[in-house]
Amino acid sequence: AIWEGDMAKGDREEEVIRARAADLVGRGNDSLALGDYDEALWFFNEAKNEYAKIRFGMGEAICTANIGNVYKERGDHTEALRYLTHALDLNRGLGREQGAALCLSNIGQVYENLGNDAAAMQSFNESLLIARKLQLAEGVAIGLGNIARLQLRSGDAARALCSYEAALDR
């Protein structure tokens, strides 16, 4: 009976840590939306540390991706790629294909911002393949829109129009 009580206590502690981490993530998202990048980084790092205490890999992967997105918004492409690539590896290691697709889309946006359209297209295509495999209509539409934007930028308006139309059909 003592062991069962200890397990219940452990479960409650983990629940409290998860709730605290989820609150920190929410506050980080609010800070990011308000453009307060330093505060967003603080909240996401704190949440990541909380998730690490209980070895909750999905939470760590999400926080790592969020940190990468803060750096992306700041225009710090090197740090953005570092965190987003790490988040991609974490998601793949956990078998979280949807998380991997989101990371690939964000990595593609960083490469697009850097003017590396070939790397951006590769990331967008990988993300789109996963979204199609998982039948994620929103992910497919976003992927097609990303690809269309690159096609238009390269001067291929006809292909871009087809991609945009396919995205709207989702």
Side-chain angles (χ1 to χ4, degrees), residues 22 24-41 43-45 47-48 51 56-170:
L24 290 163
V25 169
R27 295 170 92 185
N29 286 330
D30 292 343
S31 297
L32 179 58
L34 293 171
D36 191 340
Y37 302 131
D38 289 334
E39 188 170 276
L41 284 173
F43 282 123
F44 291 140
N45 274 304
K48 184 178 169 207
Y51 285 130
F56 185 55
M58 184 174 78
E60 291 181 69
I62 289 168
C63 291
T64 302
N66 286 342
I67 293 166
N69 285 326
V70 172
Y71 284 115
K72 180 180 73 167
E73 291 300 314
R74 269 190 168 168
D76 187 340
H77 306 304
T78 302
E79 285 300 293
L81 285 173
R82 185 168 76 90
Y83 278 94
L84 289 168
T85 301
H86 182 57
L88 174 62
D89 292 340
L90 291 172
N91 278 295
R92 284 180 169 159
L94 294 166
R96 294 191 67 242
E97 290 184 273
Q98 186 172 357
L102 288 168
C103 288
L104 285 162
S105 182
N106 286 310
I107 289 168
Q109 290 172 11
V110 174
Y111 281 127
E112 182 180 4
N113 292 340
L114 288 168
N116 187 341
D117 289 357
M121 186 66 82
Q122 181 179 341
S123 291
F124 291 151
N125 277 318
E126 284 184 60
S127 178
L128 179 60
L129 284 173
I130 296 168
R132 283 186 168 146
K133 176 184 166 189
L134 299 177
Q135 299 179 0
L136 303 170
E138 183 179 4
V140 171
I142 290 169
L144 289 167
N146 288 336
I147 290 167
R149 198 173 53 251
L150 288 180
Q151 291 167 332
L152 187 60
R153 198 159 101 170
S154 73
D156 194 346
R159 284 184 67 202
L161 181 60
C162 289
S163 294
Y164 278 130
E165 287 174 347
L168 290 172
D169 287 341
R170 291 282 154 197

Test side chain to side chain contact (heavy atoms under 4.5 Å, CB included) applied to C103 and T85, L90, N91, D89, the passing residue: N91
Would the distance check show the side chain of [X] and the main-chain N or O of [Y] forming a donor-acceptor pair, the cut-off being under 3.5 Å?
| X | Y | value |
| --- | --- | --- |
| R153 | E112 | yes |
| T64 | E60 | yes |
| S31 | R27 | yes |

Taking the side chain as every heavy atom from C-beta outward, state whether [X] and [Y] have any atom pair closer than 4.5 Å.
| X | Y | value |
| --- | --- | --- |
| V25 | F43 | no |
| L144 | F124 | no |
| Y71 | L81 | no |
| I67 | R82 | no |
| N69 | Q109 | no |
| Y37 | L32 | yes |

For residues [X] and [Y], report the shortest heavy-atom separation together with the two atoms involved.
| X | Y | result |
| --- | --- | --- |
| M121 | L150 | N-CD1, 3.6 Å |
| C63 | A47 | SG-CB, 3.6 Å |
| A101 | I130 | CB-CG2, 3.7 Å |
| S123 | Y111 | OG-CD1, 4.2 Å |
| S105 | I142 | OG-CG2, 4.2 Å |
| A40 | V70 | CB-CG2, 4.0 Å |

Just verifying a value: how many Å separate [X] [atom1] and [Y] [atom2], rounded to the nearest 0.5 Å?
| X | Y | atom1 | atom2 | answer |
| --- | --- | --- | --- | --- |
| I147 | L152 | CD1 | CG | 14.0 Å |
| N29 | F44 | CG | CZ | 4.0 Å |
| S127 | Q122 | OG | CD | 12.5 Å |
| N106 | K72 | CG | NZ | 4.0 Å |
| E97 | L104 | CD | CG | 11.0 Å |
| L24 | N45 | CG | CG | 10.5 Å |

E79 and R74: CA distance, side-chain angles, deciding distance, salt bridge (Lys or Arg N to Asp or Glu O under 4.0 Å) verdict: CA-CA 10 Å; E79 285 300 293; R74 269 190 168 168; over 6 Å; no
Test item: side-chain donor near acceptor, D117 and S154, under 3.5 Å: no
Parallel, tilted or perpendicular: ring planes of Y51 versus F56, cut at 30 and 60 degrees: tilted
Heavy-atom neighbours of R159 CZ exceed 12 at 6.0 Å: no
Residues, nucleotides or ligands: over 12 heavy atoms within 6.0 Å of E73 CD: yes
